[in-house]
Participant: 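This structure is in structure tokens; I'll ask about it shortly.
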Amino acid sequence: MIRRLYLLFCKIGIHRYEKVDINYSFSLGGSTETIKCKDCGIKKIRRKN
């Protein structure tokens with residue numbers, strides 16, 4: 001039941017993200033981290049300034 005509730009939240013756009021990979025860089029591009037939703041599996045790359 002809880003899993004269905006979390007999947008409903010994912011459909012609305014509220015995800016529970018966990019950090020998968022973090023790349024540190026000292027250049028102009030900055031650091032990036034890959035995050036993944038624990039429930040639906042969507043992955044995003046986020047840039048840290």
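Remember, it's a predicted structure, so these values are computed and weren't measured experimentally.
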Participant: If Ile, Leu, Val, Met, Phe, Trp and Tyr residues are connected whenever their side-chain heavy atoms lie under 4.5 Å apart, and connections chain through other members, are I2 and I14 in the same group?
Facilitator: yes
Participant: How about I45: does its CD1 atom have over 12 heavy atoms from other parts shown lying under 6.0 Å from it?
Facilitator: no
Participant: Working to the nearest 0.5 Å, report the span between CZ of R46 and CD1 of I22.
Facilitator: 9.0 Å
Participant: Identify, with sequence neighbours excluded, every residue that meets salt bridge (charged side-chain N to carboxylate O under 4.0 Å, His left out) alongside K19.
Facilitator: E33
Participant: Enter the distance from E18:CD to D39:CG here, rounded to the nearest 0.5 Å.
Facilitator: 9.5 Å
Participant: For Y17, give me all partners under ring pair (Phe, Tyr, Trp, His ring centres under 6.0 Å), at least two apart in sequence or on another chain.
Facilitator: H15
Participant: Could you pull out the closest heavy-atom pair between S25 and S31, with the gap in Å?
Facilitator: N-OG, 3.5 Å
Participant: Kindly compute the distance separating OH (Y6) from SG (C37), expressed to the nearest 0.5 Å.
Facilitator: 10.5 Å
Participant: Test question: given the 4.5 Å side-chain rule for I, L, V, M, F, W and Y, name all other residues clustered with V20, or answer none.
Facilitator: none
Participant: Do you reckon I12 sits in the same ILVMFWY cluster as L7, going by side-chain contacts under 4.5 Å, direct or chained?
Facilitator: no
